[in-house]
There are 2 protein chains.
Amino acid sequence: MTIKEVARIAGVSIATVSKVINGCDEHISEATRERVRAVVAKYNYIPNSVARGLKTRKSKIIGILLPDITNPYFPQIVRGIEDAANLRGYGVVFCNTGDNPDREVECYNFLRSKMVDGIIFTRSLKRSARNRVLTEDLPAVVLDRVERDDRADKACGKVYVDVRRTMYDATMKLFQAGCGEIACLSAASDSKSDRFLGYLRALETLDLPYDKSYVFLDKFTEDTGYRGAKAVLEHHPETDGLVCGNDLIAIGALQALSELERQVPRQVKVIGIDNIYFSNFTTPPLSTMGQPTYTMGEAAASMLIDHLEYGKPLFECVFDHEYIQRQTV
Amino acid sequence: MTIKEVARIAGVSIATVSKVINGCDEHISEATRERVRAVVAKYNYIPNSVARGLKTRKSKIIGILLPDITNPYFPQIVRGIEDAANLRGYGVVFCNTGDNPDREVECYNFLRSKMVDGIIFTRSLKRSARNRVLTEDLPAVVLDRVERDDRADKACGKVYVDVRRTMYDATMKLFQAGCGEIACLSAASDSKSDRFLGYLRALETLDLPYDKSYVFLDKFTEDTGYRGAKAVLEHHPETDGLVCGNDLIAIGALQALSELERQVPRQVKVIGIDNIYFSNFTTPPLSTMGQPTYTMGEAAASMLIDHLEYGKPLFECVFDHEYIQRQTV
DNA sequence: GTGAAAGCGCTAACAA
DNA sequence: TTGTTAGCGCTTTCAC
């Protein structure tokens, strides 16, 4: 069913049909309007948004570029984006970049060729094609993993939580809970190792000595947590606190601790970051610094759409983490 | 950058440019071809696939309709679909229907209006608008949650694992591991309660009596597992096996068991279905009937694309579950 | 109030 | 070997 057929059946011109389906029908007589509406309803006509997009130069689609939907950090964000977008009449298409900078630009090109109106971008952890992706004229908001130079870049929005500060607060939490020998398990490559720096700064504030054998940096995976916890505990059996760069790492650490027969939280306290869905269900349930992922997704989408629709400027939107007390601290 | 500009800069007609970017350039001289390629590369020209789609009547996009990407069962499937699709030059756009039949048809209309070439559909658990979605001419493959009548419908493909059989096997597993008082925790509304029927049939085979107070059916959530385990154990403290309709339920059950201070697997054995990512990380790690989710996604995408590209018929593709022995059985 | 016509960027006959 | 042209379904002036 096309606009042409609707027009023919309703006995009007396609221009008229176009006007009524788009609500630009002030100058259409009630009778005609009704006639068109009836045909549209009867045949369940749905305007072809590809054709419309070609004509209007906007697709009402926003593109999402993210490393891997399989990573439990992302689904909530995507839902937040999608829900907010749908509410405002936008659709969403997303691409997994697989944490691969080359795929990142491929995906970007794909989205461009689909004429998305803007993108929401979470870069890969590997050296990224950021410049290729963010340099262009397509409105973009960077979500999480914001980099130092992005912040200078007035051309794109940013939505994130300050992870260095989160890590700082997490370390403080452990100290306040009585830990004196706090180890840090995180990824080697988070943007400029922000998290690790948060840990360091907390140590300074606390006047605790820094010893690199208390630190294990590799990836944002359970495996890192597992190996890290084992390694640290082997050198330092007296370790009584583990700040983990994310919940995945914390989960791995919990597993190692259980094998090592350390009581959590009595002997060792553990804190994660992210509050992923499953941090509720570890044993014991994980205490963590929650990121408001769903809300961040919503915020990114709203910012982008406000920009697209009303020309509101893109801006920087920093969320606070929220401490979720469960049973590992 | 449009094809027109490329043509102007290269000093050829747009038809020529079109031919070379589409590889239909047997009849183009090497010199011209090179000239065009150079311009394309220099200006990083990317063909507008919206315009192309409008013309060719195909978008090289496949649509995915699923209940909720936030449900840990889906991300793997989506990845499987996306990877297989990308490999063959297709993109993917997905919509969360939120398990809401109305949204289901909205999403369907959205995808149609985007001219997707076909869809992969996982229906909502609520009474679904299946007919509206599967009746139309758009090629479709139903993934998981296949219903009895779908199977008669020659017009769509099906990819699933036989959950009744899975549940049957899971129950048998528990019996073989020494359980005699096996309870069933599942969702009330899985398509025709297939899982529950699998449990029943296993009981029959085993000549075990059926007692409905050993059964708790509600939703596919941890909460159901938690409440179910508590309810069953209260009536029947001697329960020594829990077959769970999915891993989420099993995880909730594990939590209840831990609160009840039942030793798993010594006193009570637990088995789940799905092998979601986190079933690895429960305490103890969950034994479960794995569904090859990633592979199922790939299979659905391949089937659909084979149909689209070569007219191969859509078919029914039944996968086997695979028992993953961990530490709860 | 309504419709004719141009054109969005591209492909595919067909003509030259 | 290359270019001209019609048209995909739609929106949007502008004329009637």
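To find a chain, count down the sequence lines: A is the first, B the second, and so on, and within it residues start at 1.
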Gap between atoms [atom1] and [atom2], on [X] and [N] respectively (whole Å):
X: B/His27; N: C/dA15; atom1: NE2; atom2: P; value: 16 Å
X: A/Asp25; N: D/dT12; atom1: CG; atom2: P; value: 14 Å
X: B/Ile28; N: D/dT2; atom1: CD1; atom2: P; value: 5 Å
X: A/Lys114; N: C/dC8; atom1: NZ; atom2: P; value: 20 Å
X: B/Lys58; N: C/dG9; atom1: NZ; atom2: P; value: 23 Å
X: A/Ile3; N: C/dG3; atom1: CD1; atom2: C1'; value: 12 Å
X: A/Glu34; N: C/dG1; atom1: CD; atom2: C1'; value: 16 Å
X: B/Asn48; N: C/dC8; atom1: CG; atom2: P; value: 12 Å

Under 4.0 Å: is that the gap between some side-chain N or O of [X] and OP1 or OP2 of [N]?
X: B/Asn22; N: C/dT11; answer: yes
X: B/Arg52; N: D/dC8; answer: no
X: B/Ser29; N: D/dT1; answer: no
X: B/Thr56; N: C/dC10; answer: no
X: A/Tyr45; N: D/dC10; answer: yes
X: A/Lys4; N: D/dC8; answer: yes
X: B/Ser13; N: D/dT2; answer: no

Go through [options] for me and flag the one nearest to the [X] side chain.
X: B/Lys55; options: D/dG9, D/dG7, D/dT2; value: D/dG7
X: B/Ile21; options: D/dT11, C/dT11, D/dG9; value: C/dT11
X: A/Ile14; options: C/dT11, D/dT11, D/dC8; value: D/dT11
X: A/Thr32; options: C/dG9, C/dT2, D/dT2; value: C/dT2
X: A/Thr16; options: C/dG3, C/dT11, D/dG9; value: C/dG3

*N-O pairing of B/Arg112 and B/Asp137 below 4.0 Å*: yes
*asked:* Using side-chain hydrogen bond (donor to acceptor under 3.5 Å, both in side chains), reason through A/Gln291 and A/Tyr160 one step at a time and then give a plain yes or no.
replied: CA-CA 9 Å; A/Gln291 298 198 27; A/Tyr160 61 99; over 6 Å; no
_Please evaluate residues B/Arg37 and B/Asp25 with respect to the criterion salt bridge (charged side-chain N to carboxylate O under 4.0 Å, His left out), reporting the C-alpha separation (whole Å), side-chain torsions for both, the decisive distance (0.1 Å), and the verdict._
CA-CA 12 Å; B/Arg37 290 230 181 98; B/Asp25 49 1; 3.6 Å; yes
*Please round to the nearest 0.5 Å and tell me the distance separating atom CG of B/Leu54 and atom CZ of A/Arg52.*
13.0 Å
*Looking for any heavy atom pair under 4.0 Å, which part of the strands does B/Thr2 touch: base, sugar-phosphate only, or nothing?*
sugar-phosphate
*Give one of base, sugar-phosphate or nothing for A/Val50, where a contact means two heavy atoms less than 4.0 Å apart.*
nothing
*Could you tell me whether the side chain of B/Ile120 reaches within less than 4.5 Å of the side chain of B/Ile62, counting heavy atoms only?*
yes
_Given DNA chain D, 5'-ward residue of the pair B/Ala15 and B/Leu54, judged by closest heavy atom_ = B/Ala15
_If you assign A/Met1 and A/Lys19 each to the DNA chain D nucleotide with the nearest heavy atom, which residue ends up on the more 5' nucleotide?_
A/Met1
*asked:* Minimum heavy-atom separation for A/Val142 and A/Asp144, please, with both atom names.
replied: CG1-O, 3.6 Å
